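Just so you know, these numbers come straight off a predicted model, no measurement behind them. Every heavy atom of this structure was used, including side-chain atoms; hydrogens, water molecules and symmetry mates were not.
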Amino acid sequence: MKRLVFIAAMLLVGIAGFAQSKNLPKPNLQRQTLSVMEAYKQRKSVREFSAKDLSEQDLSDLLWAAQGQNREDGHLTAPTAMNRQEIRLYVFTSQGASLYDPKANTLTQVASGDHRALMAAGQAFAKDAPVVLLMVADLDKFGSNNQHAQSMAAVDTGIVCENINLFCSAAGFSTVPRATMDSKGISALLNLNENQIPLINNPVGYTK
């Protein structure tokens, strides 16, 4: 009996450690980048990436630009219909897949190991990016899964994606928005239900 209790305790410790959140550096709001108009001028889809990992500061700035909290009342850089904030942002790296918490500015690992092949789904260049950002529309958080809710969640996903594209353009990173991915494999890996839908992903890296 004591042995069973000990094993159960060790499992709980392991689970708690696995789900531990990692604090990111505060986003650098004085970061020197191109102007908005210059970023639009330079924006393009790039499918080649340096193998160098993004620094933690660069990753924090990228995620904050995508959908970080930018006001004390909890609103985000990316608007959503009725402020549902239903877009989940996952970060895939060679180390694992993590969920971004925009209000705490943290990453919580939900799967260990390199799963970027699920994001690439046969397009090898996507595996070369050190980071792949995945946007998942959570219709449970939206409060409905009807056609209108699905349409608005798709719009909200596109806004997050464009935030990523413009940040990368302004900061000199490479990225490309993609709908290609192994959605079933991703849903199984992340334990998503039928109302949590992977829609778009952005491989991101330094320019090669």
Taking every non-hydrogen atom, the tightest pair across V176 and P203: O-CD, 3.1 Å
Atom of C168, atom of V204 and distance for their closest heavy-atom approach: SG-CG1, 3.8 Å
Qualifying side-chain hydrogen bond (donor to acceptor under 3.5 Å, both in side chains) pairs with a residue from residues 43-55, counting only residues at least two apart or across chains: S55-D58
Within-4.5 Å side-chain heavy-atom neighbours: L118 and M181: no
Qualifying side-chain hydrogen bond (donor to acceptor under 3.5 Å, both in side chains) pairs with a residue from residues 165-176, counting only residues at least two apart or across chains: E162-N165, N165-N202, S174-T207, T175-N202
Donor + acceptor pair across side chains of E38, S35 (<3.5 Å): yes
Minimum heavy-atom distance K141-Q85, with the two atoms named: NZ-O, 3.0 Å
Side-chain H-bond candidate by donor/acceptor type, D73 with H75, under 3.5 Å: yes
Worked check of side-chain hydrogen bond (donor to acceptor under 3.5 Å, both in side chains) between Q123 and R178: CA-CA 10 Å; Q123 295 184 347; R178 305 169 63 249; 3.0 Å; yes
Output field: ring centroids F49/Y206 closer than 6.0 Å: no
Evaluation steps, side-chain hydrogen bond (donor to acceptor under 3.5 Å, both in side chains), between N28 and D61: CA-CA 6 Å; N28 178 10; D61 292 357; 4.8 Å; no
Connected via hydrophobic side-chain network under 4.5 Å: F167 and L89: yes
Y100 and N105: CA distance, side-chain angles, deciding distance, side-chain hydrogen bond (donor to acceptor under 3.5 Å, both in side chains) verdict: CA-CA 7 Å; Y100 177 58; N105 195 39; 3.3 Å; yes
Verdict with reasoning, D140 to N193, per side-chain hydrogen bond (donor to acceptor under 3.5 Å, both in side chains): CA-CA 9 Å; D140 287 336; N193 66 38; 2.8 Å; yes
